[in-house]
Every structure is written in C-alpha cells, then in structure tokens.
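The next block holds one structure in the form of structure tokens; read it before the comments.
In what follows, chains are A, B, ... by sequence order, proteins preceding strands, each numbered from 1. Every value quoted in this text rests on a predicted model; they were computed, and no experiment measured them. Worth knowing before you read on, the calculation uses all heavy atoms, side chains too, and leaves out hydrogens, waters and symmetry mates.
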Amino acid sequence: MKKITVSFTLNGDQVEAEVPSTWNLLRTLREYFEITGPKEGCGVGECGACTVLIDGKAVNSCIYPVAEVEGKTVTTIEGLAGEDGTLHPLQKAFLENNGVQCGFCTSGMIMSAKALLDENPDPDEDEIRTSLSGNLCRCTGYVQIVESVQKAAEMMKDKS
Amino acid sequence: MIDYEYLKPKDLEEVFSLLKSYGERAVLIAGGTDVMVNIRNKKLAPEALISLRGLEDLAYVKKGEDGYHIGALATHRMLETSSLVQSELSALYDGASQVGSVQIRNVATVGGNICNAAPSADTASPLLALDAVAVLRGPGGSRKVPLTEFFTGPSQTVRASDEVLVEFEIPSEMGQFGSAYHKHSRRKAMDLPILGVAVSLKIEGEIIRDARIALSVAAPTPMRAMEAEAYLKGKKLSDDVLIEAGKIAANEASPRDSLRGKAWYRKEMIETFVPRMAHKALERLKNR
Amino acid sequence: MSEYLYVGKNIPRTAEVDKVTGRAIYINDLKRPGMLYGKIKYSEYAHARIKHIDTSKAKKLPGVRAVITGYDIPDVRVGFLRDQTVLKKDKVRQFRDEVAAVAAISPEIAEEACDLIEVEYEELPGLFDPFEAMKEDAPLIHEVDARGRPIRTNILPLPWKFEAGDIEEGRKASAYIVKDSVETTWVNQCCMGTSGCIAEFDMNNNLTLYNQANVIFWDKRRIMEYFAQIGLKDSKVRIVNPIVGGSFGTKLDTDIYEFIAIQLALKTRRPVKILFTREEEFFALPPRQPAIFEIEQGCDKDGKLTFRWAKAILDNGAYTSWGATTPSVMMMPMSSLYRVPNVYFEAKCVYTNNIYCQAMRGYGNPQATFAVETSMDHLAEEAGIDPAELRLINCNHSGDVTPMRLKITSCGLEECIKGVKEKLDWDKKRGKRNGRGVGMASLIHVAGGARVYKSDGHGMIIKVDEHGHVDVMSGGTDQGQGSPTALAQIIAEALGFRPDDINLVFGDTAFGLWDAGTHASRHTFIAGNAALEACAKVKRQILELAVVELPKLIKHQIKRQKRKDPDFKEPDLDFSLIANPEDLDIRDRIVFSKKDPENPYFRTEVSNILREALHVGTGKSHVVVAEAFYDPPTEMLDREFKGNLSCTYAFGTTGVEVEVDEKTGEVKILQLYAAHDVGKAINPTLIKGQIYGAGYIGVGYGLTEEMKLEKGRVMNPNFLDYKMLTAKDNIPVTPMIIETDEKDGPYGAKGIGEPGLVPTAPAIANAVYDAIGVRINDLPITPEKVLKALKEKRKEK
C-alpha cells in the first residue's frame with residue numbers, strides 16, 4: 001500500500017495523517033481521526049451524507065482524495081458546536097423544527113446549510129432547496145429541514 | 001486490490017513528464033467526481049493518479065478582445081456564479097448550474113466534464129452551441145480543436161495521451177447570440193439528462209441571422225444539429241419555423257433506447273425543446 | 001384538554017441532540033474490539049445450478065480469517081416459508097443469492113477474497129414474469145418444500161382469499177360497473193443508513209447481535225430457532241439496536257446477512273460486522289412487492305357501492321419474506337375502504353427468479369389502495385357522479401363494522417374528504433381537461449396496533465430515582481420517528497414530570513419487555529398506552545411514599561425555620577389534606593395537595609420524597625419502579641381473514657392539483673393536501689414530519705421511483721438511476737391534522753407512521769386523468785407513459 005502524509009486544519013486543530021494514498025477524505029476522517037459525523041450513504045457522491053466543508057465550501061468527502069486536503073481547512077459537524085457545548089443555531093433549529101428524524105443525513109445536511117448561510121445569510125426558499133439538493137433524506141420530505149434552515153438564518157441574524 | 005500513487009505536479013511541464021513516464025498506467029484527475037467514482041466501481045484501476053489541481057492558474061473565466069476564455073479547471077460552481085457566464089453565455093450557465101449538486105459543482109471542472117466525454121455531459125451541448133474551441137497542450141506545443149471535432153465516441157476524444165486540455169475559447173461574436181440549454185431529467189437535481197438541448201440564436205429584427213443547435217444524449221457523442229441550423233438561417237422568426245427546426249433536429253439525431261429513456265421519447269423531446277429553448281434564448285436576448 | 005402541559009405541544013427533539021452533533025452511533029460507526037469484516041459472494045445468475053465452488057484462492061489471501069460456503073455450515077432452512085438456506089450450495093434462484101462469505105481484517109480484503117472465490121454454474125432458464133411462472137408447464141423454481149415434500153407449482157401455498165356478502169347479488173344491484181387492470185412495481189425503501197449488523201459470541205456461545213431489527217423479540221426468536229437447529233440450543237441471544245438510520249420496513253425480517261455474520265463469528269470466534277454498500281442495499285435487500293390487480297366495482301344509481309371484486313398477482317421473487325403476507329393488509333382497503341357490502345378478493349403470490357420482497361411503509365396498502373381508488377374515480381365517471389361525492393356517499397363512519405369485521409371507532413374520513421375538497425377549490429377546478437386537474441384518494445389503515453402476532457403487546461418499565469430522573473426501558477425500537485420525544489411527552493404528562501426528565505432506552509432484549517415491534521403504525525398507540533399504565537403505577541407508588549414522607553419533610557422544614565427565626569410562627573396546617581395518596585397529585589415534578597394546591601408547605605419536589613424514602617436508615621427503604629404490559633383488546637384474523645385486528649383505524653385523504661405538460665408528459669404537483677385523522681396530535685410538529693415524509697415517498701411511488709429489473713437483475717442499484725426525490729423537487733405538501741379524540745388511544749392518539757404514503761399515488765393518478773383525460777394505471781406515472789397514452793388518445797380521435 002502506497003502511503004501519503006497530509007497536514008491540514010480539522011475543526012480548528014492542525015492535524016497530520018499518514019494514510020494509504022487511495023483513501024478519500026471521508027475514510028480518513030472516520031477511520032484515522034475516528035470522527036463519526038460524516039457518513040457513507042452511497043460512497044459515490046450521490047447522497048451527501050458525507051458532506052464536509054473544505055475552505056468553507058461543501059463537498060462530498062467520499063469522493064474527495066485525501067491527498068488534496070493538504071494545507072486546507074476541513075470542517076465537519078463535530079466542529080460546529082461551541083467549545084462549551086453551545087449548539088450552533090442550525091443544530092438548535094433542526095431539533096426544534098423536526099429537521100431530524102433518523103438523523104443519518106443530518107450531519108451532511110447541516111453542513112450544506114452551513115456553507116449556504118456563511119455565504120448568504122438571508123437565502124430564499126429556492127436557494128435553500130438548491131443548496132440542499134445534494135443531500136438526500138428519506139424521512140422528512142425536506143419541508144421541516146428547509147424550515148429549520150430558515151429558522152437558523154433568523155436566529156443568526158438576530159444575534160449579529 | 002486498488003493501489004495507486006497520488007501525484008501532485010505543480011505545473012504543466014511536470015504533468016507532461018509524469019504522463020511520459022507513466023503512460024497508460026496513469027489517469028489524470030481534476031475535480032475527481034467522475035474518476036473517484038469510476039475507481040470505486042472498478043471501471044478504472046490506474047497505477048497513478050496525476051492531479052491537475054495544482055494548476056490553479058487554469059481556473060478562470062474571462063473575456064478578452066479575442067473572445068471568451070474558460071480555463072479547463074474552472075469548476076461548475078465558478079461558471080454558475082459568474083455574472084459573465086450568466087449574462088453572455090447563458091446556455092453554459094444553464095448547463096453548469098444543473099450538474100449534480102452544489103457539492104459536486106464545487107469541485108467538478110468543466111475540463112473534466114468534457115474530457116470524460118459522456119454523451120450526457122451537461123456542459124457539452126452549451127459549449128457546442130457557443131462554438132467553443134478546445135485548446136490542448138502537449139509537450140510539443142498547443143493545438144486548437146473545435147468542440148465539434150473533439151468527441152470521437154462515448155468516453156473518447158481526440159486528446160492524445162500526452163496532452164492536457166487547458167482552455168475553451170469562445171468567439172466574441174457569440175456574445176451577440178442569445179442562448180439557452182434544457183436538461184430534460186426526472187429530477188431537478190442529482191440527475192443526468194434524458195436529453196439535453198442547447199440553442200443559440202442571433203437575430204436581426206425578425207430574421208434569424210444565425211443559429212446553433214446542440215444535443216446531448218441524442219447520439220454516441222454530444223452533437224450539433226447542423227441541418228436544422230441551416231434551415232433556420234435567414235428565416236423569418238415564427239413558431240412554425242422553430243417547430244420545423246425541431247423536427248429536422250430530431251431527424252438528425254440518432255438516440256438509443258436505454259434504461260434512462262427510450263429513443264422515440266428522446267426524439268420527441270428534441271422536437272419539443274428546440275423551439276422552447278429558441279424562445280428562451282430570444283427572451284434572454286431581449287432582456288439583455 | 002387545554003390543561004395539558006406537554007401533550008399537544010411542539011416539544012423539540014432535544015433528547016436526540018447526538019444526531020445534530022455527529023455523535024449518534026449507528027451500525028456504520030459501531031466497532032467492537034478485534035472485529036472482523038464480513039462480505040458476501042452473490043450469485044452471477046438469476047437461475048443456475050451450482051456445479052463447483054472453489055474457495056482455495058480466497059482462503060490464501062493474507063488477512064482472510066474465514067471463508068464459508070453452504071458446505072461449511074449446517075443445512076438449515078430459514079425465512080417465512082423456510083424456503084431458503086443461509087448459503088446456497090445446489091442452486092441459485094436469483095441474483096442476490098448468497099453463495100459464500102468471507103471474514104477478513106478489512107472490508108477491502110474481504111471483498112477481494114470474495115472476488116477470488118470461483119463458482120462454476122450451469123445456467124437454467126429463468127422465470128421473470130409471474131404469469132409465465134404460473135403456467136402448468138413452467139419450470140419449477142423450488143422442487144421441494146420445507147418438509148421435503150415435492151412442489152408442483154410456482155404458486156405459493158398461501159390462502160389469500162377474502163369473501164363477504166354475495167358478489168352476484170352486488171352485480172345485480174348495480175346500475176354502473178367498471179373494471180380495470182392496475183399495476184405497481186418494485187420500489188426500494190432507501191434507508192439513508194445502509195443495513196448491517198455485528199455478531200459477537202462470548203466463550204459460552206452466547207450471542208450479542210447489534211442490528212437494526214424493529215421487532216427485536218421476533219428477531220431473537222428466529223435466531224433462537226436457528227440456533228436450535230445448528231446445535232446451539234443452550235445459547236442465549238441478546239439483540240441490541242444502535243441508532244437506526246431509517247427502516248421503512250427493511251428491518252422487519254431477519255435478513256440472510258445476519259445469519260451469515262453469525263456463522264462467520266462462530267467460525268472465527270471474533271465479532272464480525274457486515275455492512276451493506278448502497279449497491280447491496282438496492283440489489284440484496286427485499287424491496288416492496290409489485291402487484292398486478294384486476295379490480296371491478298359497482299354502484300347503484302344513487303352511487304352506493306354494491307360490490308368490489310379484485311384479484312391480485314404478486315411477483316414473490318425467489319424466496320419468501322414478509323412481502324408474501326402483504327395481501328392480508330391489502331384486504332383492509334379492499335373490504336373496508338368506504339362502505340361496500342359485497343367483497344371478493346384473492347391474491348396469488350408466485351415464485352419467480354426476480355428479487356424477493358419484504359415490507360415497506362404501508363405494507364400492501366399502497367398497492368391495494370392504488371387499485372381501489374383509481375377504480376373509484378373510474379366508477380364515479382361511469383356513474384356521472386363527482387368523485388368526491390361518490391366517496392362521501394360511501395364514506396366510513398364511526399360505529400360501522402366492515403365486511404372484514406373491523407370495528408370503526410373514531411372516524412374523521414368525512415372531514416378529511418371535505419377538508420381537502422375545500423382546500424383544493426375542487427368544484428371550481430375539476431373537470432376542465434385543460435392540462436390542469438385535481439384528484440383525491442383516501443385510506444384506511446390500522447392505527448391501534450395490528451394483531452399479526454399472537455401478542456400485540458408492549459412492555460415498559462419505568463423507574464424514578466431519588467434525583468428525580470425517570471428512566472424508561474421500552475421493549476420497542478426507535479427508527480427516527482420521534483418516539484424519544486413523543487413518548488416522553490406522554491410520560492411527562494401522565495407522571496407529572498417534564499419531558500427533559502425522561503430518559504428512554506429502546507431496542508435491547510436484555511432490558512426491555514416483549515414488544516411486537518415498531519411497525520404497522522402501532523408504536524405511539526401501544527407503547528403510549530403501556531406508558532400510561534406504568535405511569536399510573538409509578539405515580540401511585542410515589543404518592544404512597546409522599547403520604548409518609550411529606551409530613552416529615554414539612555416538620556423538618558418548620559424546625560429549620562424556627563431555628564433560623566425564633567419568632568417564626570408555626571403555620572396551622574391541616575395534615576388530613578395530605579393523608580391519603582388520593583389527596584395528592586404531581587405536576588411539573590412537584591407533589592402537591594389537591595385540596596390545597598397552592599399551600600407551599602404541601603408542595604415539594606418528587607426527588608425530595610424519594611430521597612427521604614430511600615435514605616431512611618432503618619431497613620425499610622424504598623425505590624420506585626413499575627412495569628406495565630399493554631396488549632390491546634383486539635383479535636387475530638380468523639380463517640376467513642375477518643376480525644378486529646386493531647383497536648382503532650386511521651383515515652385520511654390526499655388531494656392534489658397537477659399540471660401536465662402535454663408535450664413532455666411531465667406531471668407537476670401544484671398543491672398536495674394531506675388530511676389525516678390522527679386521533680390526537682401528541683406533538684403536531686412530529687406528526688407533520690410523518691405526513692411530509694410519507695407524502696414525499698408517496699409522490700416518488702406515484703411519479704419517479706422504480707427498481708428496473710431486466711431478467712432478474714436490478715439495473716439501477718444507485719441513487720443516480722433510482723429517482724428518489726431531492727429537496728429541489730419541492731413538492732408542496734400541506735398536512736391537515738384532523739383530531740377525533742380516539743377513546744382507546746393514549747390521550748386520544750392514533751397511529752400515523754404509514755398513512756401519509758398510502759393515498760398519494762392514486763390521488764396523483766386521478767388528478768392526471770382530470771387534467772388530460774388519460775388514465776395511467778401502472779406506477780410510476782412516467783413522462784414516457786403519459787406521452788404515449790396521450791398519443792394513443794389523439795390517434796383514437
């Protein structure tokens with residue numbers, strides 16, 4: 001097995017990993033760093049359960065070669081809550097508006113929503129739906145997820 | 001078991017030298033949204049992946065006096081969010097903005113989409129309808145290939161194994177065309193087209209001065225419907241004329257029956273969407 | 001009603017905070033020390049004789065710890081009709097047939113080892129059409145049954161036949177009769193979390209199986225039965241659920257991969273995990289059963305239904321799981337959706353070399369309701385009656401006993417139909433045939449348990465400790481529907497605590513009492529009723545202790561106050577007001593006197609009482625715990641498939657407005673109203689979540705979803721080609737919650753897990769007909785089908 005070493009910022013920490021060069025980012029996060037938030041729902045970029053942010057942009061970590069995160073900043077759902085455990089407005093809103101059911105898509109869904117709100121604090125429904133269109137969910141029919149994102153946007157506006 | 005080296009050259013010269021030493025055993029990877037999937041699905045088993053992501057200066061969209069230039073490493077998201085593409089190369093905006101999902105568009109590149117040469121590539125028809133020319137660079141220099149001559153079959157192109165696609169050039173004249181692309185699919189995201197139709201039109205008063213019609217999933221490669229284009233040229237604009245153009249285009253196409261759609265249906269959709277996209281292109285031209 | 005503190009309120013799902021922080025542990029995340037990874041070698045043919053299996057190369061691969069075939073494990077038949085073995089060694093009958101399995105130190109090595117297993121086959125002709133398979137001279141897919149007796153037909157020996165009244169009398173009384181052919185296809189449950197399990201034995205051969213089963217006690221029983229046949233009859237079995245990433249029916253049966261993991265764990269003496277890929281999820285899990293119906297209905301000149309006759313052919317696939325029992329649920333809409341006096345229904349399940357089938361949300365009801373409700377629309381047209389009116393004329397009502405002997409208690413169907421009609425502006429919009437149309441369909445479903453097993457009970461243990469923490473051990477399972485919140489609301493309300501105080505533990509056979517499982521929309525109703533019983537007992541215990549401890553606490557308090565303030569005047573307290581448990585109550589954690597509720601001396605936190613009762617220092621200390629087992633007063637279906645199998649029934653109506661693009665055949669949903677009689681909404685936000693989610697799957701069933709099979713092979717085993725809808729598809733679903741206050745339900749609630757899905761597809765089909773005058777009677781309603789039908793209609797003209 002050919003190996004590579006990559007260093008990057010993971011949820012605020014400078015980290016380094018030596019992993020097989022064939023590994024994707026998702027596998028590195030889950031197996032090397034033992035992070036459980038990003039999930040493999042399909043492994044081929046079709047469901048979005050593995051969504052993380054790289055330099056602030058949402059990507060499918062399951063088809064992102066780990067070699068390419070060198071020097072970049074990776075944020076997973078684990079990096080969202082404050083150090084004191086305070087939930088991010090998105091996390092709060094998902095719990096309050098039933099944006100979560102089985103929860104398997106939730107980590108990825110919230111990360112897609114985070115990428116959107118960071119770029120566009122006041123999105124309309126269509127923009128939210130576009131941003132979440134790569135995150136499949138079988139439980140919710142998406143309605144309460146969209147509502148959760150809208151509520152989170154409101155919370156974040158009130159704060160700032 | 002799959003095992004490969006992941007190579008990260010810093011410039012084109014290094015890419016060429018790696019291509020030379022690895023030859024057929026290496027695969028170029030840009031965004032990787034196709035390559036990584038093909039490796040997982042065991043359709044590819046390279047010994048090395050040569051990453052083009054180090055060539056950051058190939059990720060651009062710009063307009064010069066000699067026309068529009070789109071770097072091969074421009075991501076779909078860059079095209080989608082470029083106001084230049086939105087307003088002057090609208091069909092390309094339509095195509096780029098409907099590929100996969102935001103996550104895919106954030107990394108997938110237009111060069112990759114074209115080099116992958118799927119009949120269903122969503123940027124292929126728009127680029128064809130915009131008269132795009134592919135710029136290939138190899139160790140011996142550059143050459144320019146009109147996109148109409150670029151595809152040679154499903155997943156096959158004229159790109160030589162030691163060449164890299166670096167840019168698309170679109171003549172500045174195309175800025176005077178109105179253009180639109182329709183991706184006909186079952187879902188509004190995360191889908192491939194059952195059929196794609198791109199139309200660009202130049203109009204003077206009521207007269208169609210020039211037209212391009214490009215089709216995806218209508219033949220083994222993305223194609224131009226040149227007979228239909230010729231028919232439109234010089235005609236006075238009317239619904240009947242556009243409907244007729246759709247019929248001609250449908251006749252030029254040779255779609256097949258597949259899991260994703262039947263040939264007869266694809267032909268019908270060409271008939272339906274050539275006029276609809278023509279109207280949309282004209283509408284855009286008016287609102288410019 | 002309004003005095004409830006928590007019932008009826010939109011309590012957030014704070015109990016599931018782990019799901020929004022990435023900390024929830026699903027089977028995908030679960031690891032055990034020393035764990036190996038199992039992979040399965042599947043058949044390469046839909047139907048073939050296995051001539052030879054060579055595992056030698058696989059065994060030599062470094063990192064491989066075990067390779068097993070049907071020759072390495074006991075020849076034990078499993079499944080509902082015991083028609084398959086865990087690993088197949090003589091014959092394969094479908095592409096998903098498990099031929100061999102590997103355990104290795106990594107999933108990649110296990111997969112590579114599977115590739116190295118060489119299997120030689122002799123291909124046999126395949127049967128992929130149930131009608132072909134039913135022919136007398138058709139080759140037999142199974143030669144012998146579970147007892148070794150020869151089988152002479154591919155038709156399963158299942159007696160699905162229902163008769164009530166007299167069909168011929170019904171025909172005679174009819175002024176109008178319609179007959180239709182209707183077809184539904186395979187659809188996948190598409191749980192976002194893929195299937196998997198970890199099997200782990202201790203040195204006494206006791207098994208802990210971490211899996212996603214939604215009927216953990218049946219799962220245990222099936223494994224115990226298997227153990228009895230493989231020489232492990234003294235082994236104990238414990239089933240433990242991690243967090244479940246969606247179920248939708250897939251976890252109702254014990255799947256073959258679970259037996260394989262068990263065999264690999266036995267062989268290696270190490271924990272073995274099998275986790276499906278998405279592709280396996282599509283081709284190696286049993287989907288919803290396809291059905292082909294012929295249905296005939298009649299009504300008299302006033303529109304009163306006279307009879308309903310239907311025959312169904314179900315493509316069973318190669319083996320039998322719960323899919324083959326869906327006709328028992330189909331009988332419910334067939335016999336009891338609307339008042340119909342004379343009913344005949346029969347269903348044949350037929351072996352083919354296609355993928356075999358299982359349960360999916362609605363369990364046969366969506367297929368049958370598609371047949372009944374599209375036929376109702378046809379009948380309305382034939383009789384010249386507005387389709388909504390026809391439904392109202394024949395509407396079910398409270399007090400009805402249906403031909404299946406279902407006793408209709410609360411029934412909001414009329415309200416649902418009328419509500420949807422009004423919201424859609426039905427009278428104005430219907431019948432225009434201008435590319436826009438409206439349509440509706442209704443449903444009946446079990447909503448107060450479903451006695452498909454001899455016990456439909458649920459056991460719950462509730463304890464309250466001296467910190468005021470309420471731990472609840474439920475025998476049920478949670479699949480994400482929101483039970484940790486909804487049940488906490490019921491328990492908090494009944495016990496006088498706050499939802500945050502309640503800690504629910506699900507899905508562990510070691511801690512829970514029997515539960516017939518989270519399926520059939522039964523969990524809130526059955527577990528809720530068990531909770532009420534357990535709460536009543538626990539509360540009584542607390543109040544009995546309070547009678548003893550409260551006066552002591554009050555005296556302590558007065559003493560303390562006196563010590564602090566010598567001038568303190570002792571209050572004049574009437575201790576008779578707190579002398580009996582009946583005098584006391586609990587609300588918001590506080591024990592108080594009912595007769596003097598505001599008296600601060602008579603108010604104290606429950607934890608104070610329990611602390612006093614525990615730390616007494618005399619050998620007479622107390623803890624508070626109670627168990628309740630609720631089994632609803634219902635009956636099994638008898639030999640004629642009649643009987644009141646549920647305590648109450650759900651009703652609902654979906655109404656849609658569609659726009660059809662007559663040039664492309666595309667159907668766009670402009671509005672979708674889903675009105676549901678939920679009894680009482682324990683948590684309206686959660687209820688809406690069920691309606692939205694089920695409605696969306698229903699729209700997929702109606703318009704986009706289908707597993708495409710070619711000669712038995714699933715051709716679209718991925719999310720790209722299996723068209724589950726995305727957020728961008730934006731279906732405008734509006735739930736309408738109708739409350740009928742079911743007398744037997746916990747706080748009046750009924751089940752709502754499945755209903756939202758059931759009437760969606762037929763409502764869409766009926767709206768499409770209203771829009772363009774073309775009936776698409778086979779699902780899904782694809783643009784190609786619509787366009788083709790439109791062309792044919794134009795040709796006819």
Return the option, out of A:C62, A:G43, A:G45, with the maximum number of heavy-atom pairs under 4.5 Å with chain B.
-> A:G43

Counting heavy-atom pairs under 4.5 angstrom with chain B, the leader among A:L136, A:I54, A:N135 is A:N135

Do the side chains of B:Y6 and A:E68 get nearer than 4.5 Å, heavy atoms only?
-> yes

Any side-chain heavy-atom pair from B:K188 and A:R129 closer than 4.5 angstrom?
-> no

Please say whether more than 12 non-hydrogen atoms of neighbouring residues, nucleotides or ligands are located less than 6.0 Å from [atom1] in [X].
| X | atom1 | result |
| --- | --- | --- |
| B:Q156 | CD | yes |
| A:Q14 | CD | yes |
| B:R284 | CZ | yes |
| A:E16 | CD | yes |
| A:K72 | NZ | yes |
| B:R288 | CZ | yes |

For residues [X] and [Y], report the shortest heavy-atom separation together with the two atoms involved.
| X | Y | answer |
| --- | --- | --- |
| A:S133 | B:A189 | CB-CB, 3.4 Å |
| A:N60 | B:S101 | ND2-OG, 4.4 Å |
| A:T130 | B:V102 | O-CG2, 3.7 Å |
| B:K8 | A:A67 | NZ-O, 2.7 Å |
| A:K2 | B:Y4 | CD-C, 3.8 Å |
| B:R53 | A:P65 | NH2-CD, 3.7 Å |

Taking atom [atom1] of [X] and atom [atom2] of [Y], what is their separation to the nearest 0.5 Å?
| X | Y | atom1 | atom2 | value |
| --- | --- | --- | --- | --- |
| B:Q103 | A:C50 | CD | SG | 7.5 Å |
| A:E46 | B:T33 | CD | OG1 | 11.0 Å |
| B:I104 | A:I63 | CD1 | CD1 | 4.0 Å |
| B:N106 | A:D55 | CG | CG | 11.0 Å |

In terms of heavy-atom pairs under 4.5 Å with chain A, the winner among B:G31, B:G32, B:S51 is B:S51

Ranking B:I2, B:V107, B:V37, B:L49 by heavy-atom pairs under 4.5 Å to chain A gives rank one to B:V37

Audit row: B:E5, A:S21, side chain to side chain donor-acceptor pair (under 3.5 Å) steps and yes/no = CA-CA 6 Å; B:E5 279 180 90; A:S21 55; over 6 Å; no

With a 4.5 angstrom heavy-atom cut-off, which part of A:T51 approaches chain B: side chain, backbone, both or neither?
-> side chain

Salt bridge check: are B:R40 and A:E40 linked by an N-O gap of less than 4.0 Å?
-> yes

